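So the structure is just underneath, and the comments pick up after that.
Proteins get letters first, then strands, A, B, ... in listed order; numbering begins at 1 in each. It should be emphasised that the depicted structure is a prediction, and the values quoted were computed from it without experimental measurement.
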Amino acid sequence: MLTVYFWLFSLIAVLCGFSLLTARHPISAAVSLIGVMLAISGIYGLLDAPFLGIAQILVYAGAIMMLVVFVIMVLNSAKDRTTPRGSSYSWIGLPLGALMSIVIIAGVGRSAEALTADPDAVQGTAQNIGRSLFTFSGDAATGWYVLFEVVGLVLLAAMVGAVVLAKRSLSSIEADEPAEGAH
Amino acid sequence: MSEPAVPSALEPASATETVAAPTSAIADWIRDLCGDQEWLAWVVITLIGLGALAALASVSAMVLVWMERKVSAHMQLRLGPMRTGWHGALQPMADGLKLLFKEGLLPRTTDLFSYLLAPFIPMATALLALAVIPFSETWQLADPELGIIYVAALSGMSVFAILIGSWGSNNKYSLLGGMRAAAQALSYEISLLLVLMTAVLMSGETAMQAIVQSQEGYFWNWWLIRAPGVGFIAFIAFIISATAELNRAPFDFAESESELTGGFHTEYAGMAFAMFFLAEYVHLLVAACLGAVLFLGGYLPPVPALAFIPGPVWLLVKAFGLVFLFMWFRWTFPRLRIDQLLNLEWKFLMPVALLNLLAAGALRGWGWL
């Protein structure tokens, strides 16, 4: 049964990827990208990594693609339905993509042995991920909670930076707004 | 499937099934009947499960539509539908027939792809979420290890329908409704996730079935009461953020009639509109079931002596109690302004939910739960 699922998910992912590349409109492309992400999260599930699969839906297909769609909708409304399928720049991407797929196929072919997962060593459950991230013990070597928190801080710093960059200046924003009780 | 056509990397997954196979008597009976033909049993069980979900979704949506009309009527000292059947019980049927026979309009300036795709998404996410709701120990289509997070991921996906549909309609009312819906959903998603994480932290489980089992015994073992204060605050925060996620009044900015005519579904007619409408009520049921599972003991009776009443009845009683609460809100509170809504989330609800999560962690850490 798993093989059927695998082929179904792969087919969906490839079809959506194709439609992503050939879509005329950015919104269609974004929706296709969501399809690719959903199919790939299904494959993560098959690979015994349910947490990765669901995090993919929650974070990428849900939150990030929502922002992408939002930005596309705000920036250009329905006027560019006639965007050409590709530009002269697309032709640069073609050999690069071909090169990339050759590298990936060669790499996968060489390490086919290493890719056959050991059922006892499966690490993808939420419990295992939590343990490997947050295990406290005498050994300083176990657990990645410090790094985990640092990544959180870095993301917070990036967000604050974006807010600061986007606001021209705090006083001008306040000057734009009508005074309290003016209406 | 004996053909080794797929890289063997996929094989180990069968050793540790992530999605528990249905273990009910019916499933076993079908497996016996099919014998060696395992794929046939799989197909039949899956089809029966999907059929059951679709039936549950459509029947409950009809009941909920009727209930909404009656509740709203009685809140406003009216009678509501009275002519079709007993106290208007056949009214949703008549509504459904009317929508079914209406012409499906296709405005000329729409973006076809997104306009036609959008009505299917909310129904799909509603059915997928319904699949993990435990109606009893065995009445559950799937019990994934990460059930709670799965439902949270689906609730994020359903907003795409509003976004894509509103944009594809190529109508400024629709677009405004869609924009509001996206801002609202993105904001309230945060406090909803924090509340779900609080429930996970209290029970120590992420699977639906295990969360229900962790509330075994008398009703003071339900997480609403058992975790002093924390459970109650989490429940209130859940109700508020679920109301916002469901786009129901007083947070119904996506379709506020008095400002945006129909909001995101202004351009939809006939069955396309019916899909949005149905999905809205199935989502309401899913949210109510989720609240019952997390805080009200799911399918467990309030006292063990009442265990002779089957689990599904208990779950539905609790869920419909919560649905009544949602309807009560809708017909009691006036609609907020969009900035009030976002202030409520970012300046009040999210900090409260975050502190509540910390408190739950502290209770758990000191072993008081």
query: Do you know which two heavy atoms are closest between Glu145(B) and Pro50(A), and how far apart they sit?
result: OE1-CG, 3.8 Å
field: Contacting moiety of Ser166(B), where chain A heavy atoms sit under 4.5 Å
entry: side chain
query: Between Ile164(B) and chain A, which part of the residue has a heavy atom less than 4.5 Å away: side chain, backbone, both or neither?
result: side chain
query: Just how far is it from atom CG of Leu163(B) to atom CD1 of Ile27(A), taken to the nearest 0.5 Å?
result: 8.0 Å
field: Region of Phe160(B) in contact with chain A, defined by heavy-atom distances below 4.5 Å
entry: side chain
query: With a 4.5 angstrom heavy-atom cut-off, which part of Leu117(B) approaches chain A: side chain, backbone, both or neither?
result: side chain
message: I need the minimum non-hydrogen distance between Tyr150(B) and Ile54(A), along with the two atoms involved.
response: CB-CD1, 3.8 Å
Which pairs of donor and acceptor atoms, one on a side chain in residues 63-74 of chain A, lie under 3.5 Å apart (sequence neighbours left out)?
none

query: What distance separates Met157(B) CE from Leu38(A) CG, expressed to the nearest 0.5 Å?
result: 4.5 Å
